[in-house]
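Below is one structure; the comments refer to it alone.
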Amino acid sequence: MGPTWLRLLLISVLALEGAVWSDGCWDEERVALLQLQQFLTDIEYSREGPDCCEWKWVECNITTRRVIQLSSLWGRLKIKDSNLFNVSMFLPFEELRSLDLYGNNLVGYVDNEAPLEWLSKLGSFESLDLTATNMKNNFLLHLGGLSSLTTLILQQNDLEGTIHLQGNGRQLSLINLEEIDLTSNLFNNSIMEKLSGFSNLKTLNMRLNRLNGLVDLKEFCALSNLDTLDLSSNQVNRFVTSKGLCYLNNLEELSLNGNALGGAVAPCLDNLTSLRYLDISNNHFTGNIASTPLVNLTTLQFLSLSNNQLQVPMSFRSFANHSDLKVLLADQNNMVAEPTAFQTWWPKFQLKIFSMSNCMIEEHENLQLPNFLYFQHDLRDVDLSYCDFGGIRFPHWLLENNTRLEQLYMIDTSIVGPLFLPSHPSFNLKVFDISNNKVHHDIPRNFCSLFPHLEGLFMSKNDFKTDIPPCLGGLRRLQMLDLSHNDLSGEIPEELRMSSSLANLLLSNNSLSGKIIPTVYHLIILLEELRLDGNKFEGEISYFSPISIKNLQVLDVSDNEISGELPTWLWDTISLKILDFSKNNFEGPITMQLCNLINLEFLDLSSNHLSGTIPSCSNLQRMRHLHLANNRLSGTLSNAIFTSSSLVTFDLSGNNFTGRIPNWISTLPNLSVLLLKENQFDGEFPLQLCKLQSLSILDFSRNKLSGHLPSCLSNLTLKPSEKSYVDSGGYVFDFFDDVMVDMGLTIYNLTGLVSVYRGYPFTYHEEEVPFSTKGATYTYKGNILDLLSAIDLSCNQLTGIILPGFGNLSEIRGLNLSHNNLTGPIPSTFSKLKQIESLDLSYNNLSGRIPSELTEMTALEVFSVAHNNLSGPLPDRKNQFGTFDESNYEGNPLLCGPPLNKSCNGGDSPTAPNATSSEEEHGHIDMVDFFISFATSYAIIFLTTILVLHINPYWRRACFYFIEDRSIVCYFFIVDSLRQLPCFRRNI
């Protein structure tokens, strides 16, 4: 009863002093909270009851019922009128200990001269979070009265230069400060000396600032209480002296991740005998870790060596005495094989997380999995991806020994043979990824019973030859399934089609079959992503009306045998971001309802039989890649079809569009790929297109363009650009652990029970662009597409000369001006095209010599000037010109020199001696007799045939049918032959 009487006595005393307590909290604080509440945007933070101490964003002292903490206000204070917002509403909170103003721009709505002066009146303050509040250096001077402040967080404020952290008068004097977080600001090296004056400082975070080059930490010797130091994600390449860093004897956590540090790891680091957490990843450290101080830091629980140039012995024996080690990350280093005698040892540690992905392997022939893994029994997360282990069997023992394993990644690790699984179920396994290996045979039938709680299953790019196990549909937690790029056959099991947990299903590039309906009926309703491309599905998808589709973001059924019109239900799926129906047999029009898909970023309807005009959709502002090639679309482009400022690819090739190329295309600022080939466009090249400074691929070939080559084309930069994919999101797997840390895709934290996740960007869609160069048509994608820059204006009716300014296209890799009516000389300025790999000027009327300077184009692989009016000696056969033969120059009778069989020394090649006059005369007489005999014979045959056909009507009809049949065969033979010619245009 003691605490109850004490509480009643306290209430009585406070009441005598004028304070009023009702409904569980003080009235003056309640009024202030209600004033604040009107500026909160989230409904969940509205008043939930009369006791303000029970509100989500309020914490009170359990004895006095005074407010001691206001939290979770991240960006939720929306102030439209500064006259309505008064910071004095915070003053009633006399016992306030912690205030979180993350993401609230209060500075713009208070006195700009002293925006934080009101905080100094709250003398009991201990923790203040001003992250992303638009703070300025001088504003912080008014925190001087907060002498009890222990935690100050100033992340993401673009603070720069220096701040006065100690001093008299109006300077900041936070003598009790224990933690300061300056993450994501603009501080440079000069800030370090100022920070060194805080003798009580325990945690200092300088991540993501502008520390660079040589950094002097000698003053840090005074920070004897510092236990956490984060200097990650700067540009530090060396410390002037390691003394200040290496003599922080109480340091427990040190992060130098993401700098430019190189050379050997500082030997004095072994002075840090209390260090539990060390992250030196993403630097340029070298040397063998066996000879570094890392082997002596036996107190380590977390160690990240990833993304360096260290030599790491495959046995990991260097860490034999690290009995507390829980997390070991050694990704992207040089792994060193060792003699077998050194590979077997008994580790003192039991890891929870081990990763050595993307490793460079030395002495490949001795490579095997690290032997110490056989003695691990508490692993939760293992990543061995992208290491070539030279053909190993799947290590089922890893699952048998580690019953609490939750994530296993062995992507592209050269696993071969059938998939051998553990003998006992792994109830904790959530993610299983063995993509891009050589696993073959069937998917084991007991797979689902062994891994009943899977959330992500990835076995793409293997060689499974089986039906899809129906039991996969019974995995109630399965959210992502990727079995693409195998040899799976049969239909999609009904159990899988009805799965209520799946969000992403990828079955691309198999041999699956069946009617597309009902296959996709339930899938498109439940899934976020469905990829069935590259299979054998057939039938129509139009004639059914599913219930509302709310989640579908990716739908890819390309390269199948689906027919009919585009489905009407599709246009109501406004959540769609990626839609690919290409390489099917769809027909009919593209309706105006396409404009409903306002979130669409990628649309590919190419290689179908679609007809009619393209609807004008000005509201599709997120569209990045548009492919409508190889259909039967027609009309003009006079009206703007897509005006999305995000558009990167615009492909209308292989249709029947007519008229002029419109100027509105020049208003697409990010357009990088413009493909209009194989249409019926006419008129001159639109000069407005020269404004497209992001353009890198231009193909107007096989049209009817006329006029001169515009000089402004030489102003195009044609710089490589990122155009190869659409990435519209991802998926996160999470699990719980007590040893975690931030390492990019996976988050770990040493301080407590935190969610760990690894993200999969499964709405990634790789862009593919067909382009003709080097005498063939290729499909470019990935990094190669990003690097491609080319112009193709071949097979038009262009006239005039090739301007010397074309030599300014320094980034171009392919230029095709063939099959036009160009005249004049070949510009010698082409020699400046150092990147060009293909140059085709054939089938024009070019004249003069081939400039000898062209031999300076050392990257040139394909070159043709055939069928022009060129003359004179060929360039010297050096560099790439030494690889070209006669075909590159044919059709130019006045050219001479190697490799042509025509000398440039004057005179024609000698001819055979003339026959005698008697021999000539005798030959002429024989020839005349031959022709007279030949004509007489065929006249007799012709008259006889006419007579027979006149007498016999049956033979006459048969003869006519035969002639008609042969005429049709001859017609199609000619058409097929013409299609092989470079400038044949379709006329569908």
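All values derive from a computational prediction rather than experimental measurement.
- Residues Asp331 and Ser355 have side chains that bring a donor and an acceptor to within less than 3.5 angstrom of each other.
- Just one of Phe354, Phe349, Trp345 meets the ring-ring contact (aromatic ring centres under 6.0 Å, His included) condition when paired with Phe316; it is Phe354.
- Between the side chains of Asp651 and Thr649, no donor N or O sits under 3.5 Å from an acceptor N or O.
- In this structure, the side chain of Asn608 engages the main chain of Asn585 through a donor-acceptor pair within 3.5 Å.
- Taken from NE2 in His424 to NE2 in His396, the straight-line distance is 12.0 Å, to the nearest 0.5 Å.
- Aromatic rings of Phe394 and Phe432 (six-membered ring for Trp) have centroids within the 6.0 Å cut-off, being under it.
- Ile525 contributes atom CD1, which lies 12.0 Å from atom CZ of Arg497 (distance to the nearest 0.5 angstrom).
- Note that the CD1 atom of Ile443 and the CG atom of Asp467 stand 9.5 Å from one another [nearest 0.5 Å].
- Across all non-hydrogen atoms, the minimal contact from Pro425 to Ser449 is CB-O, 3.8 Å.
- Considering only heavy atoms from C-beta on, Leu329 stays 4.5 Å or farther from Leu303 through its side chain.
- Looking only at atom types and distance, the side chain of Asn282 has a donor-acceptor partner in the side chain of Asn307 under 3.5 Å away.
- When all heavy atoms of Arg445 and Thr466 are compared, the pair lying nearest together is NH2-OG1, 3.1 Å.
- For the pair Leu408 and Val431, the minimum side-chain heavy-atom distance is 4.5 Å or more.
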Go through the steps to decide whether Leu384 and Tyr409 satisfy the test side-chain contact (heavy atoms from CB on, under 4.5 Å), and finish with yes or no.
CA-CA 6 Å; Leu384 303 171; Tyr409 302 91; over 6 Å; no
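- If you check the side chains of Asn401 and His377, you find no donor sitting under 3.5 Å from an acceptor.
- A distance of 8.0 Å separates CG in Asp556 from CG in Leu532, rounded to the nearest 0.5 Å.
- Inter-residue side-chain proximity for Asn599 and Leu576 is flagged as unmet; no heavy-atom pair is nearer than 4.5 Å.
- Panel note: side chain Gln350, backbone Phe375; a donor-acceptor pair is recorded below 3.5 Å.
- In the displayed structure, Glu494 atom CD is contacted under 6.0 Å by at most 12 heavy atoms of other residues, nucleotides or ligands.
- In summary, the side chains of Ser558 and Arg531 do not present any donor paired with an acceptor at a separation below 3.5 Å, with no hydrogens or angles considered.
- Side-chain contact of Ser696 with Ser672: a donor-acceptor pair under 3.5 Å is present, judged by distance alone.
- Classification of the His627-His625 ring pair by plane angle, with boundaries at 30° and 60°, yields parallel.
- Using modelled atom types, no side-chain atom of Asp442 and backbone atom of Pro444 make a donor-acceptor pair closer than 3.5 Å.
- Looking at Leu429 and Leu399, their side chains come closer than 4.5 Å, going by heavy atoms from C-beta outward.
- Of all heavy-atom pairs between Asn584 and Ile562, the closest is OD1-N, 3.0 Å.
- Across all non-hydrogen atoms, the minimal contact from Ile434 to Asn462 is O-ND2, 3.1 Å.
- Heavy-atom minimum distance, Leu325 versus Phe302: CD1-N, 4.2 Å.
- Between the side chain of Asp572 and the backbone N or O of Leu570, no donor-acceptor pair lies under 3.5 Å.
- Distance CG/Leu481 to CG/Leu454: 10.0 Å, rounded to 0.5 Å.
- The backbone N or O of Ser232 lies less than 3.5 Å from a partner atom in the side chain of Asp230, making a donor-acceptor pair.
- Counted by atom type alone, Arg404 and Asn428 present zero donor-acceptor pairs between their side chains at under 3.5 Å.
- Using modelled atom types, one side-chain atom of Asp604 and one backbone atom of Ser606 make a donor-acceptor pair closer than 3.5 Å.
- You'll find the side chain of Leu555 reaches within 4.5 Å of the side chain of Phe581, heavy atoms only.
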Step-by-step side-chain contact (heavy atoms from CB on, under 4.5 Å) determination, Asn402 to Val382
CA-CA 11 Å; Asn402 296 274; Val382 175; over 6 Å; no
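- Defined by atom type and a distance below 3.5 Å, a donor-acceptor pair is present between the side-chain atoms of Glu529 and Asn504.
- At a cut-off of 3.5 Å, with distance as the only test, a side-chain donor of Ser508 or Asp533 sits close to an acceptor on the other residue.
- Looking at Ser575, its side chain does come within 3.5 Å of a backbone N or O of Leu552 through a donor-acceptor pair.
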Given salt bridge (charged side-chain N to carboxylate O under 4.0 Å, His left out), test Lys465 with Asp463 step by step and report yes or no.
CA-CA 6 Å; Lys465 299 178 183 296; Asp463 194 25; 3.3 Å; yes
Step-by-step side chain to side chain donor-acceptor pair (under 3.5 Å) determination, Asn257 to Ser255
CA-CA 6 Å; Asn257 164 48; Ser255 179; 5.1 Å; no
Which is it for Leu305 and Leu294 under the side-chain contact (heavy atoms from CB on, under 4.5 Å) test, yes or no, and what are the steps along the way?
CA-CA 10 Å; Leu305 312 170; Leu294 301 178; 3.5 Å; yes
Step-by-step side-chain contact (heavy atoms from CB on, under 4.5 Å) determination, Met459 to Phe447
CA-CA 12 Å; Met459 298 197 295; Phe447 187 92; 4.3 Å; yes
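- Note that NE2 of His453 is 4.5 Å distant from CZ of Arg477, once rounded to the nearest 0.5 Å.
- Within the 3.5 Å criterion, the main-chain N or O of Asn510 finds a donor-acceptor partner in the side chain of Asn535.
- Gln309 places no side-chain N or O within 3.5 Å of a backbone atom of Asn333 that could act as its donor or acceptor partner.
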When you look at Ser511 and Asp487, which way does the side chain to side chain donor-acceptor pair (under 3.5 Å) test go after all the steps?
CA-CA 6 Å; Ser511 298; Asp487 194 18; 3.3 Å; yes
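- The side-chain heavy atoms of Met356 and Met314, taken from C-beta on, include a pair separated by under 4.5 Å.
- Within the 4.5 Å cutoff, the side chain of Ile392 has heavy atoms near those of the Leu369 side chain.
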Are Lys536 and Glu561 close enough, and set up right, to give a salt bridge (charged side-chain N to carboxylate O under 4.0 Å, His left out), and what steps lead you there?
CA-CA 6 Å; Lys536 300 177 181 178; Glu561 300 169 12; over 6 Å; no
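- Residues Leu475 and Cys448 have side chains in contact (heavy-atom distance under 4.5 Å, counting atoms from C-beta outward).
- Thr413 contributes no side-chain N or O that, together with a main-chain N or O of Asp388, makes up a donor-acceptor pair within less than 3.5 Å.
- Gln376 approaches Pro347 most closely through the heavy-atom pair NE2-CG, 3.4 Å.
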